[in-house]
Every structure is written in C-alpha cells, then in structure tokens.
Student: 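Attaching a single structure in structure tokens format; questions to follow.
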Protein chains: 2
Amino acid sequence: MNDSPRRKELTRQAARLFVREGFDRTTVRMLAEEMGIKSGSLFHHFRDKQEILAAVIEAGTRNAIAIAHDALETCDRDPEARLHAMARAHLETLLTDRNAHVVALYEWRRLDDEARAHLAHLRDAYEALWEAVIDEALAAGLIHGDRFLVSRFVMGALNWTVRWYDPAGARSPDELAGELIGMLMAPRG
Amino acid sequence: MNDSPRRKELTRQAARLFVREGFDRTTVRMLAEEMGIKSGSLFHHFRDKQEILAAVIEAGTRNAIAIAHDALETCDRDPEARLHAMARAHLETLLTDRNAHVVALYEWRRLDDEARAHLAHLRDAYEALWEAVIDEALAAGLIHGDRFLVSRFVMGALNWTVRWYDPAGARSPDELAGELIGMLMAPRG
DNA sequence: GATATAACCAAGCAAGCGCTAGTGTGAATA
DNA sequence: TATTCACACTAGCGCTTGCTTGGTTATATC
C-alpha cells in the first residue's frame with residue numbers, strides 16, 4: 001500500500017499483539033485500540049487484516065537480512081569468524097525485533113498465497129546467507145556432516161531460541177553465539 | 001472427561017484438522033463434519049473446544065514418552081547408543097503421530113492455564129529423558145559444551161524437523177538420527 | 001420387558017467477527 | 001481562496017462463532 005512512518009509504527013504495535021494473542025484471536029478492534037484509533041480507520045493504512053500480518057513478517061525479515069549483511073561485511077574472513085558473526089546477528093535480531101520473528105515462525109500459515117510467495121523469497125535470501133557460510137565452514141573442515149542436514153540443524157537450533165533465549169539474561173548474543181558454534185566444531189587443540 | 005475409544009479416534013481426527021487449519025480457524029462445525037456427527041454432539045465427548053486441543057497434545061506427548069522409554073530400555077548402555085536411540089525415537093513419533101506433535105508445537109499458547117500447567121509436566125518428563133542422556137554423553141566426553149545449551153540446541157534441531165522431515169523421503173529415522181548426533185560428536189579416529 | 005446409559009440430532013441464541021459506506025477535519029498545495 | 005489529501009470518525013451490515021437446550025435412538029443390563 002505505502003511505506004509511511006505511521007504505517008511502520010502501526011506494524012510494530014500489531015506485531016506485539018499478534019505475539020500476545022495469536023493472529024486469529026487478534027481482532028481488528030483490538031488492533032485499533034492498541035493503535036489509539038477506531039477500527040474503521042485501520043483500513044486506511046492496510047487493505048485488510050492479512051496485509052498487516054504480511055507487513056509484520058516483511059519488516060522482521062528485512063531487519064534480519066540487514067543485520068546479517070552488516071555482520072558479514074565487518075567480520076574477519078575466516079570461516080569460524082563468519083559463522084560466529086551470523087549466529088550473533090541472528091540473536092541480535094531476536095533482541096531488536098523479537099515480536100516480528102515470533103510472528104513469522106508461528107503465523108506463517110495464516111498468510112494468503114500471494115503474500116506467502118513474496119515473503120518466501122525474502123526468507124530464502126536470509127537462509128542463503130547462512131548456507132553460504134556453512135558451506136565455507138564445511139569446506140574448511142571446521143564442522144562436519146551433510147550440507148543439507150547441518151543447515152537444517154543449525155536453523156532449527158537458532159529458530160528455537162525464540163522459545164527460551166532471554167536477551168536480558170546471563171548470556172550476551174556474542175557469548176551465546178560462541179557457545180553454539182563451539183558445540184558443532186571439533187574440539188580445539 | 002472419559003477415555004473411551006471413540007474419544008481417542010475423535011482426538012486423532014481433530015489433530016489432523018488442527019494441523020491443516022490451525023486451532024482458531026478450525027470451527028466446531030468443521031470438527032463435527034470430519035467426525036461424521038453434528039456439531040452439538042461434539043459436546044457430549046468434550047466439555048469445550050479447548051479440551052479437544054488438550055486431548056490432542058496429551059495423546060501426542062504420552063506417545064513420545066512411551067516410544068522413548070522403550071528405546072532406552074532396549075538399546076545398549078553406552079552413551080552414543082543411548083543418544084542415537086533417543087534421536088531415532090523422536091523421529092519415529094514424528095512418523096507415527098506427526099499431527100499431534102505439530103499441534104503441540106504450534107498451538108501450545110492456545111491452551112488455557114489449567115491444561116497448560118498439566119501438559120507442561122508431561123512435556124518436562126519427556127525433556128528430562130533427553131537431558132539425562134545428554135548428561136551421560138557430556139560426562140563421557142562424547143560431546144562437549146554447556147549442559148543447558150546443548151539440551152536446548154538439540155531439542156530445537158529435533159523439533160524443527162517437523163518443518164522439513166519427510167518420513168517417506170530418502171532417509172530413515174535411524175539414518176537421520178545417526179547423522180544428527182554424528183554432527184555433534186568429535187570426529188572419530 | 002423395564003431401566004439405564006451412551007451417543008446422537010435439530011434448532012437456535014448471544015456475541016463477536018471482518019469489513020464497508022459515508023462523513024468530517026485540519027494541513028498542504030495550486 | 002479553492003482544492004486536494006491523509007487521516008480519522010460513526011454506524012452498522014451480513015455472517016460466523018462456540019456452545020446450549022430439549023429431545024430421540026441404539027445398545028446393554030437387570
């Protein structure tokens with residue numbers, strides 16, 4: 001529809017509600033109240049309720065890609081540093097944009113076909129970053145196993161962090177990233 | 001409410017619908033039609049819609065615990081065999097009871113407080129099996145890393161398999177289990 | 001053959017749903 | 001000054017929701 005700052009803020013607030021209540025249980029009246037407007041006014045900013053969901057997921061995925069991209073550009077070239085940078089970046093998006101990621105994981109199926117196809121491309125672009133870095137680590141002998149399986153395994157472990165990782169807890173994203181990839185690597189020395 | 005065979009069968013069918021449509025989008029009329037009865041009759045078997053969800057998740061978790069228990073009792077005593085047995089058992093419940101597990105993962109938040117507390121105990125019992133086996137493997141030096149993190153990492157990777165693992169595909173649960181734990185272990189030889 | 005019980009049905013209520021139509025308003029643009 | 005535009009409002013339509021009610025039927029038990 002458009003890209004106004006107002007819409008961005010509304011999207012952020014919608015994400016919070018979608019996490020708290022789930023997409024289907026979140027009514028347009030609840031969304032409107034959270035946003036401080038009446039339910040009818042919502043449809044000035046979004047075509048329908050589905051479009052709000054798509055906007056939430058799109059914002060989250062773009063954020064993840066941007067952070068991962070930055071991390072890869074500023075880190076060392078060796079495979080371990082690149083793995084570490086990707087893992088840390090992933091945990092950092094959970095910190096800065098947790099709601100959107102939870103929504104993406106749990107409410108993906110509620111997207112209509114068109115939005116799903118569009119967003120699948122974005123998500124694939126993010127996973128491609130991971131797969132490239134995993135390929136390098138495999139080639140360097142840093143980790144071992146089947147390419148496809150390592151990638152699923154790592155994505156699973158990382159996505160699962162939304163269930164238990166507390167950014168305010170004992171471990172920083174940087175520390176946690178180190179421990180996670182250390183687990184996969186052959187013992188040093 | 002009760003434990004009749006009829007109710008068990010209805011629970012199984014409800015699980016399929018919950019996976020296909022999601023809990024909130026599945027209406028009592030859809031459930032009834034799938035079961036070959038009228039919507040009013042549903043409430044003879046279940047107090048309300050929430051209770052159907054709880055029944056689905058409870059059945060799935062009990063199945064997972066039973067299979068894991070059997071696997072541990074019939075396998076060798078060494079830590080690698082026990083890790084392998086647990087991973088294979090997990091993938092086998094995905095094969096025999098996939099719908100219930102998908103529902104447990106995606107619709108957990110839709111449970112009311114009472115059911116959630118009850119089922120959390122069951123789920124903890126399952127995870128405790130895993131944690132014991134992981135502890136043994138750590139103590140034996142088979143894998144390395146922080147106890148808490150290894151356990152979350154492994155649970156994440158395994159639960160994520162519902163998104164991509166195709167039991168009819170190229171890899172049997174046994175093979176896949178081997179590859180997954182091989183990834184975590186220090187290279188042999 | 002009377003009684004109990006589990007399983008089902010038809011009909012519908014009260015509440016809530018996504019969304020639309022039509023209108024008002026203050027600020028920017030011509 | 002006249003027009004446009006973004007943004008918000010009120011009111012409510014048409015439909016679906018989970019669940020209840022009051023009653024019927026098949027099967028088993030005494």
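These numbers come from the heavy atoms of this one structure, side chains and all, not from hydrogens, waters or symmetry mates. Proteins come first, then strands; the chains are lettered A, B, ... in the order of their sequence lines, and each starts at number 1.
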Student: Which residues in residues 16-39 of chain B have at least one heavy atom lying under 4.0 Å from any atom of DNA chain D?
Tutor: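 By residue number: T26(B), T27(B), V28(B), R29(B), S39(B).
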
Student: Below 3.5 Å is the cut-off: list the nitrogen or oxygen pairs between protein and nucleotides 24-28 of chain C, distance only.
Tutor:
none

Student: Give the rounded distance in Å between these two atoms: CZ of R6(A) and C1' of dA6(D).
Tutor: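 To the nearest whole Å, that distance equals 11 Å.
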
Student: Taking only the side-chain heavy atoms of S41(A) (C-beta and beyond), determine which of dA7(C), dC9(D), dC19(D) contains the nearest atom.
Tutor: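 From the listed options, dC9(D) comes nearest.
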
Student: L42(B) CG to dC19(D) P: how many Å, rounded?
Tutor: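 Roughly 10 Å, once rounded to whole Å.
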
Student: Give a yes/no on whether any side-chain N or O of R7(A) is located under 4.0 angstrom from OP1 or OP2 of dC7(D).
Tutor: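 So the side-chain polar atoms of R7(A) never come under 4.0 Å of the phosphate oxygens OP1 or OP2 of dC7(D).
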
Student: Please find the pair of heavy atoms, one from A177(A) and one from L91(A), that lie closest to each other, and give the distance.
Tutor: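 Distance-wise, the nearest heavy atoms are N-CD1, 3.9 Å.
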
Student: Verify the contact: side-chain N or O of H45(B) to OP1 or OP2 of dC8(C), cut-off strictly under 4.0 Å; return yes or no.
Tutor: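 So the side chain of H45(B) is within the cut-off, an N or O lying under 4.0 Å from OP1 or OP2 of dC8(C).
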
Student: What is the distance, to the nearest angstrom, from the CZ atom on R47(A) to the C1' atom on dG18(C)?
Tutor: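 About 15 Å, once rounded to whole Å.
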
Student: Please determine whether a side-chain nitrogen or oxygen atom of H44(A) lies at a distance below 4.0 Å from atom OP1 or OP2 of dC7(D).
Tutor: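 Answer yes for this pair, as a side-chain N or O of H44(A) is under 4.0 Å from OP1 or OP2.
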
Student: Return a table of donor-acceptor pairs under 3.5 angstrom between the side chains of residues 94-105 of chain A and protein atoms on other chains or two or more places apart.
Tutor:
| unit_1 | atom_1 | unit_2 | atom_2 | d |
| --- | --- | --- | --- | --- |
| T96(A) | OG1 | E92(A) | O | 3.2 |
| R98(A) | NH2 | V162(A) | O | 2.6 |
| H101(A) | NE2 | T93(A) | OG1 | 3.4 |

Student: Please collect all salt bridge (charged side-chain N to carboxylate O under 4.0 Å, His left out) contacts where either partner lies in residues 158-175 of chain B, sequence neighbours excluded, each pair once.
Tutor: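 Passing the test, one end in residues 158-175 of chain B: D146(A)-R171(B), R88(B)-D174(B), R171(B)-E179(B).
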
Student: Please tell me whether E58(A) and H118(A) have a donor and an acceptor in their side chains that are separated by less than 3.5 angstrom.
Tutor: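 There is such a pair (donor and acceptor under 3.5 Å, judged by atom type) between the side chains of E58(A) and H118(A).
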
Student: Give me the one residue out of L176(A), V154(A), N159(A) that meets side-chain contact (heavy atoms from CB on, under 4.5 Å) with H90(A).
Tutor: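 Checked L176(A), V154(A), N159(A) against H90(A); only one passes side-chain contact (heavy atoms from CB on, under 4.5 Å): N159(A).
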
Student: Looking at R77(A) and E136(A), is any side-chain nitrogen of the basic one under 4.0 Å from a carboxylate oxygen of the acidic one?
Tutor: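 Salt bridge between E136(A) and R77(A), a charged N being under 4.0 Å from a carboxylate O: no.
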
Student: Please report, rounded to the nearest Å, how far the P atom of dG18(C) is from the CZ atom of F46(A).
Tutor: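 From F46(A) CZ to dG18(C) P: 15 Å.
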
Student: By nearest atom, which of the nucleotides dC8(C), dT20(C), dC19(D) is closest to the F43(A) side chain?
Tutor: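 The nucleotide sitting nearest to the side chain is dT20(C).
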
Student: What pairs of donor and acceptor atoms, side-chain ones from residues 63-71 of chain A against any protein atom, are under 3.5 angstrom apart with sequence neighbours left out?
Tutor:
none

Student: Measure the distance from CG on D112(B) to P on dC19(D) and round it to the nearest whole Å.
Tutor: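 That distance rounds to 11 Å.
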
Student: Suppose the criterion is ring pair (Phe, Tyr, Trp, His ring centres under 6.0 Å): which pairs have a residue in residues 9-35 of chain B, not counting sequence neighbours?
Tutor: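 Counting only pairs at least two positions apart or across chains, the ring pair (Phe, Tyr, Trp, His ring centres under 6.0 Å) contacts touching residues 9-35 of chain B are F18(B)-F23(B).
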
Student: Does a side-chain N-to-carboxylate-O contact under 4.0 Å join R6(A) and E9(A)?
Tutor: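 No, this pair does not count.
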
Student: Identify, between L10(A) and Q50(B), the residue whose nearest nucleotide on DNA chain D lies closer to the 5' end.
Tutor: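 The residue whose closest nucleotide sits nearer the 5' end is L10(A).
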
